[in-house]
Amino acid sequence: MKSFKGDFYKILLKLQNGESFAFNRFSDGELFILQNKELVLGDNLIKIGNTERTGPYTKEDHKHFDPKEHSFYRDRLLEAFKYRADNYFKGISCRCCVGDENLEWQLDILDEPHGDEYLTWANLLVNGNYPLFIAEMFPLFTEYKTVYICSEKCNLESLDFIVKDFRVGFNAMINDYHKIDEISDWIECNNIKNHLFLFSASSFAKMAIHQLYEKHPNNTYMDIGTTINAFIDMSIERVYLGDFWTEKPSPSDIYKICEW
């Protein structure tokens with residue numbers, strides 16, 4: 001039986017022990033791309049396939065995936081999703097967040113046992129685990145030579161443990177795909193080993209983590225999403241961030257234990 005907190009501590013232990021691993025997350029946005037649905041996240045628009053609704057997204061979160069134009073990137077995302085290797089952890093969208101049908105769709109594509117030791121939650125670092133992330137995991141980042149791949153708008157002045165950063169813009173999965181090779185070349189040219197690579201780069205991160213871990217497995221690669229936005233002058237509008245960093249009368253997501 002998988003445990004939301006148990007899997008968190010499995011990743012935490014690897015960080016504490018200095019083991020090289022990858023933690024890659026495939027959330028609902030990646031799910032829709034994998035399902036080959038058009039996806040638009042704009043100023044006042046969320047479009048998934050033929051369904052549209054309003055919803056504000058900041059510029060750095062803007063995204064457009066067109067199945068007709070962007071099949072190359074979808075194929076690379078699918079490769080990252082299906083890739084298997086020791087210590088390559090894949091977080092997928094869970095039953096309680098995307099429903100039974102979408103969970104089963106993912107498991108069918110993966111063709112892996114439901115209890116596979118390297119299969120876990122995309123939400124592993126957020127919701128009910130977010131207080132644990134801030135208290136126990138975030139401090140460990142300072143013990144590594146840490147490389148951060150993040151938005152060009154991030155302010156990293158308070159993160160003095162970052163030894164190198166690579167920046168991406170909006171819709172980075174498509175517009176900045178070439179930067180995966182730039183990062184790989186930097187690793188190779190500088191013989192980079194035992195570094196921690198953190199990613200806050202949306203769908204770009206999924207492809208990059210796969211390709212970099214496959215080619216340079218002596219480092220650790222983690223998709224941390226929006227978890228440290230409060231430290232880098234980025235939006236904390238996500239519900240779990242608002243629950244934790246602001247005073248709310250009835251916080252919700254911060255107590256949520258996601259189900260398998």
Side-chain angles (χ1 to χ4, degrees), residues 1-31 80-81 83-98 102-103 106-107 110 112-144 146-150 159 161 195-202 205-206 209-210 213 219-232 236 238-245 251-260:
M1 178 72 70
K2 283 190 175 294
S3 162
F4 192 54
K5 281 187 167 57
D7 276 17
F8 173 87
Y9 280 111
K10 184 189 295 185
I11 297 293
L12 185 73
L13 183 61
K14 289 188 177 296
L15 274 175
Q16 291 171 334
N17 291 341
E19 294 183 52
S20 296
F21 69 91
F23 172 57
N24 213 350
R25 303 182 313 108
F26 299 86
S27 300
D28 52 356
E30 287 72 50
L31 171 63
F81 188 64
Y83 180 65
R84 294 187 191 185
D86 288 343
N87 282 332
Y88 180 76
F89 291 87
K90 289 181 286 193
I92 66 173
S93 297
C94 51
R95 186 184 310 276
C96 58
C97 292
V98 298
N102 280 322
L103 174 64
Q106 294 171 94
L107 293 173
L110 290 170
E112 298 177 14
H114 290 209
D116 186 284
E117 63 175 315
Y118 298 127
L119 205 57
T120 187
W121 284 264
N123 286 339
L124 192 65
L125 307 182
V126 303
N127 295 345
N129 281 345
Y130 187 60
L132 300 176
F133 170 84
I134 291 296
E136 301 184 46
M137 186 172 288
F138 180 56
L140 291 177
F141 297 164
T142 66
E143 299 178 11
Y144 281 82
T146 301
V147 181
Y148 194 25
I149 296 86
C150 60
L159 304 183
F161 57 91
H195 281 50
L196 173 62
F197 288 73
L198 301 177
F199 291 79
S200 297
S202 192
K206 328 309 177 186
I209 288 174
H210 160 230
Y213 185 66
N219 295 297
T220 291
Y221 307 88
M222 293 186 64
D223 181 358
I224 61 168
T226 55
T227 54
I228 64 171
N229 274 16
F231 301 96
I232 56 176
I236 57 169
R238 299 287 176 96
V239 176
Y240 82 93
L241 290 172
D243 286 350
F244 187 85
W245 293 109
S252 53
D253 282 9
I254 206 67
Y255 295 120
K256 182 178 180 180
I257 303 301
C258 287
E259 304 170 4
W260 189 245

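Predicted model, so just to flag it, every value in this text is computed and none were measured.
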To the nearest 0.5 Å, what is the distance between [atom1] on [X] and [atom2] on [Y]?
X	Y	atom1	atom2	answer
Leu103	Leu31	CG	CG	9.5 Å
Leu15	Leu196	CG	CG	6.5 Å
Tyr255	Asp253	OH	CG	12.0 Å
Phe138	Leu125	CZ	CG	12.5 Å
Cys96	Asn127	SG	CG	8.0 Å
Phe89	Asp223	CZ	CG	14.5 Å

Candidate list Ser27, Cys258, Ser93, test side-chain contact (heavy atoms from CB on, under 4.5 Å), partner Trp121, passing option: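 With Trp121 as partner, Ser27, Cys258, Ser93 yield a single side-chain contact (heavy atoms from CB on, under 4.5 Å), made by Cys258.
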Minimum heavy-atom distance between [X] and [Y], given as atom pair plus value:
X	Y	answer
Ala22	Tyr213	CB-CG, 3.7 Å
Ala80	Lys90	O-CD, 4.0 Å
Ser20	Asn87	O-ND2, 3.6 Å

Would you say that [X] contacts [Y] through its side chain, given a criterion of any heavy-atom pair below 4.5 Å between the two side chains?
X	Y	result
Phe21	Asp86	no
Arg84	Leu110	no
Met222	Phe141	yes
Val147	Leu198	no
Phe23	Ile209	no
Met137	Ile11	yes
Leu12	Phe133	no
Lys256	Cys97	yes

Modelled atom types, side-chain donor and acceptor of Tyr240 and Thr226, under 3.5 Å: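 Their side chains do contain a donor-acceptor pair, which is all the 3.5 Å distance test asks for.
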If only side-chain N and O atoms count, and only distance matters, is there a donor-acceptor pair under 3.5 Å linking Thr120 with Asp7?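 Side-chain D/A pair, Asp7 to Thr120: present.
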Taking the six-membered ring for Trp, are Tyr83 and Tyr88 closer than 6.0 Å centroid to centroid?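 That pair passes the under 6.0 Å test.
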Show the numbers, then the answer: is there a side chain to side chain contact (heavy atoms under 4.5 Å, CB included) between Thr220 and Phe197? CA-CA 6 Å; Thr220 291; Phe197 288 73; over 6 Å; no
Counting N and O atoms only, with roles assigned by atom type, does the side chain of [X] sit under 3.5 Å from a partner on the main chain of [Y], one being a donor and the other an acceptor?
X	Y	answer
Lys206	Arg25	yes
Gln106	Asn102	yes
Lys10	Lys5	no
Asn129	Leu124	yes

As a quick check of understanding, evaluate side chain to side chain contact (heavy atoms under 4.5 Å, CB included) for Leu132 and Tyr9, giving each step before the final call. CA-CA 9 Å; Leu132 300 176; Tyr9 280 111; 3.5 Å; yes
Give the C-alpha distance, both sets of side-chain angles, the deciding distance and a yes or no for side chain to side chain contact (heavy atoms under 4.5 Å, CB included) between Val239 and Ser252. CA-CA 8 Å; Val239 176; Ser252 53; 3.7 Å; yes
Taking everything shown except Asn17 itself, do over 12 heavy atoms lie less than 6.0 Å from its CG?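 Yes - once you tally the heavy atoms of other residues, nucleotides and ligands closer than 6.0 Å, there are more than 12.
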Does CD in Glu19 sit with more than 12 non-hydrogen atoms of other residues, nucleotides or ligands closer than 6.0 Å?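 More than 12 within 6.0 Å, yes.
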Should the pair Tyr130 and Trp245 be assigned to parallel (<30°), tilted (30 to 60°) or perpendicular (>60°) ring geometry?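 Plane angle over 60°, so perpendicular.
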For a side chain to side chain contact (heavy atoms under 4.5 Å, CB included) check, start with the C-alpha distance between Phe244 and Val126, then their side-chain angles and the critical distance, and finish with the verdict. CA-CA 10 Å; Phe244 187 85; Val126 303; over 6 Å; no
